[in-house]
Amino acid sequence: MPDPEQPQKPQDEANIVLINPKNPINVAAVLRASGCYRVEKLYYTGRRYPQALQHQQGHGQLKHVDTNNAQAHIASIGLADIAELPRAEHAMVCVELVEGATALPQFVHPPRAHYLFGPEDGSIPQSVIDQADAVVYVPTHGCMNLAASVNVLLYDRLAKSAAASGSDAQIRASRDNNNRLKLKP
């Protein structure tokens with residue numbers, strides 16, 4: 001039993017924050033990635049996503065993107081403004097092509113972080129960049145899709161963690177019913 005006199009080390013937690021996303025299919029793909037990499041919460045700002053989501057859900061297109069149904073167990077929380085983001089014990093890490101930012105391969109992920117991504121058709125506002133604890137970029141030639149950027153960031157976080165050691169049990173827990181492959185002994 002933990003000693004109540006000793007401060008407890010916070011558990012690892014990653015949250016994704018989307019600033020004014022416009023494409024519900026991208027957000028569904030972000031949710032799928034979030035489920036694969038054990039993100040706790042997805043926050044979003046702006047009105048474009050809720051409006052587009054309402055239209056898309058009527059057409060049933062989103063369930064074909066989030067095939068793992070991550071939206072059922074990852075809370076999606078709308079914020080009127082980024083200032084509403086709960087910051088206690090979480091570093092605010094902006095992921096954006098910003099001069100002077102740290103390249104993702106050299107970045108050391110904080111144990112508890114909110115990872116902020118800008119809209120598909122814009123950038124994270126300078127006022128938010130100025131408040132960030134860290135700003136990182138994915139070294140590419142050109143801009144990546146929002147969902148692809150989230151996948152790369154979350155993979156990098158996992159690959160640099162102790163959980164990256166991997167095992168056959170992890171493989172069995174991660175694959176779907178269509179994959180039962182094994183290496184020959």
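When a residue number appears, it is its place in the shown sequence, counting from 1. Worth saying up front: this structure is predicted, and the values here are computed from it rather than measured.
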Residues T102, V108; criterion side-chain contact (heavy atoms from CB on, under 4.5 Å); working and verdict: CA-CA 10 Å; T102 302; V108 177; over 6 Å; no
Find the distance between [atom1] ([X]) and [atom2] ([Y]) and round it off to the nearest 0.5 Å.
X: L42; Y: E40; atom1: CG; atom2: CD; answer: 12.5 Å
X: I82; Y: Q131; atom1: CD1; atom2: CD; answer: 8.5 Å
X: H114; Y: M92; atom1: NE2; atom2: CE; answer: 9.0 Å
X: R112; Y: E89; atom1: CZ; atom2: CD; answer: 5.0 Å
X: R32; Y: N151; atom1: CZ; atom2: CG; answer: 9.0 Å
X: I74; Y: L31; atom1: CD1; atom2: CG; answer: 6.0 Å

Heavy-atom donor-acceptor pair, E96 side chain to I124 backbone, under 3.5 Å: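 Judged by distance alone, yes, a pair lies under 3.5 Å.
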What closest approach, in Å, do [X] and [Y] show between heavy atoms, and which atom pair accounts for it?
X: I77; Y: K41; result: CD1-CD, 3.8 Å
X: V150; Y: A33; result: CG1-CB, 4.4 Å
X: E120; Y: K22; result: OE1-N, 3.0 Å
X: A147; Y: V30; result: CA-CG2, 3.8 Å
X: L97; Y: V138; result: CD2-O, 4.2 Å

Would you say [X] and [Y] are hydrophobically clustered, going by side-chain heavy atoms of ILVMFWY under 4.5 Å?
X: L79; Y: F117; value: no
X: V27; Y: Y43; value: no
X: I129; Y: L153; value: no
X: L154; Y: Y137; value: no
X: V17; Y: Y44; value: no

Atom CZ of R38: over 12 foreign heavy atoms under 6.0 Å: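 Counting other residues, nucleotides and ligands, CZ of R38 stays at 12 neighbours or fewer.
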Non-neighbouring partners of A113 that pass side chain to side chain contact (heavy atoms under 4.5 Å, CB included), sequence neighbours left out: V93, P110, Y115, R157
Short side-chain donor-acceptor distance under 3.5 Å, H109 and D156: yes
Qualifying residue for side-chain contact (heavy atoms from CB on, under 4.5 Å) with L116, from L18, T45, V95, I19: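 Testing each of L18, T45, V95, I19 against L116, the sole residue satisfying side-chain contact (heavy atoms from CB on, under 4.5 Å) is I19.
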